[in-house]
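What follows is one structure encoded as structure tokens, with my remarks underneath.
Note that the coordinates shown come from a computational prediction; the quantities given were computed from them, not determined experimentally.
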Amino acid sequence: MKKAKIIFWITTIIIFLFEGVMPALTSQSELAKEGIRHLGYPEYFGNALVVFKVLGVLALVIPQVPNRIKEWAYAGFTFDFLFASISHFAVDGFGFQSFFPLIILVILLISYFYYHKIERHKNIAL
């Protein structure tokens with residue numbers, strides 16, 4: 001079970017850093033604003049996205065958050081990564097920008113898998 005917790009926390013912290021900390025710190029930079037405009041989205045969409053990303057990563061890393069909320073956070077990030085990839089494919093074609101969200105999605109899915117593995121073990125122990 002120790003291995004499962006280590007894998008869960010490593011993958012979840014990667015998501016926390018990439019989807020919570022980095023967007024919160026860089027969302028108001030010109031580069032970030034241009035990235036949102038480049039994809040054809042209005043600036044307010046980027047701001048809303050950052051708020052939901054920060055709330056989502058907090059839901060994932062705070063142990064006291066109910067399981068149902070965590071499930072919604074995982075689902076939200078899954079949609080975010082899929083649509084980010086689709087947006088980049090549509091605007092930029094095939095390139096690293098298009099595949100990077102899918103790489104992060106794999107990390108998210110590993111976190112999700114190990115989250116459920118740990119939860120199952122908790123329920124069996126009760």
Is E30 salt-bridged to R37, cutoff N-O under 4.0 Å? yes

d(E119 CD, Y114 OH) to nearest 0.5 Å is 15.5 Å

Donor-acceptor pair, K70 side chain versus I62 backbone, under 3.5 Å? yes

Test item: K33 side-chain N/O and S27 main-chain N/O as donor-acceptor pair under 3.5 Å: no

Looking at every heavy atom in both A73 and G56, which two are closest together, and how far apart are they? CB-O, 3.7 Å

Hydrophobic clusters here meaning ILVMFWY residues chained together by side-chain heavy-atom distances under 4.5 Å, can you tell me if F81 and V61 are in one? yes

L82 reachable from V91 in the ILVMFWY side-chain graph, under 4.5 Å edges: no

Approximate separation, where rounding is to 0.5 Å, of E43 CD and I36 CD1: 9.0 Å

Y115, F79: one ILVMFWY side-chain cluster at the under-4.5 Å cut-off? no

So which of I69, T11, I15, I13 actually passes side-chain contact (heavy atoms from CB on, under 4.5 Å) with L60? I15

Would you confirm whether the ring centroid of F99 sits within less than 6.0 angstrom of the ring centroid of F89? yes

Begin from the C-alpha positions of M22 and L17 and carry the test side-chain contact (heavy atoms from CB on, under 4.5 Å) through to its verdict. CA-CA 6 Å; M22 283 178 37; L17 293 173; 5.6 Å; no

Does the pair Q28 and V50 meet the rule for a side-chain contact (heavy atoms from CB on, under 4.5 Å), with working shown? CA-CA 10 Å; Q28 297 307 308; V50 169; over 6 Å; no

What are the two closest non-hydrogen atoms of E19 and F77, and how far apart are they? CB-CE2, 3.7 Å

For S98 against G93, the heavy-atom pair lying closest together: OG-O, 2.6 Å

Hphob cluster co-occupancy, L55 + V57, side-chain heavy atoms under 4.5 angstrom: no

Pair F100 + F18: ring centers closer than 6.0 Å: yes

As an exercise, state the distance from CH2 of W72 to CG of N67, rounded to the nearest 0.5 Å. 15.0 Å

In this structure, would F16 and V65 fall into the same cluster of hydrophobic residues linked by side-chain contacts under 4.5 Å? yes

Could you pull out the closest heavy-atom pair between M1 and K117, with the gap in Å? CE-O, 4.2 Å

Spacing of NZ belonging to K53 relative to CG belonging to D80, to within rounding of 0.5 Å: 4.5 Å

Are any side-chain N or O atoms of T26 and backbone N or O atoms of S29, one a donor and one an acceptor, separated by less than 3.5 Å? no

For residues 102-112, run the donor-acceptor check on the side chains, cut-off 3.5 Å, and write out each pair with its distance to 0.1 Å, sequence neighbours left out.
from, atom 1, to, atom 2, distance (Å)
S111, OG, T12, OG1, 2.7
S111, OG, Y74, OH, 2.8
Y112, OH, E71, OE1, 2.9
Y112, OH, H116, NE2, 3.2

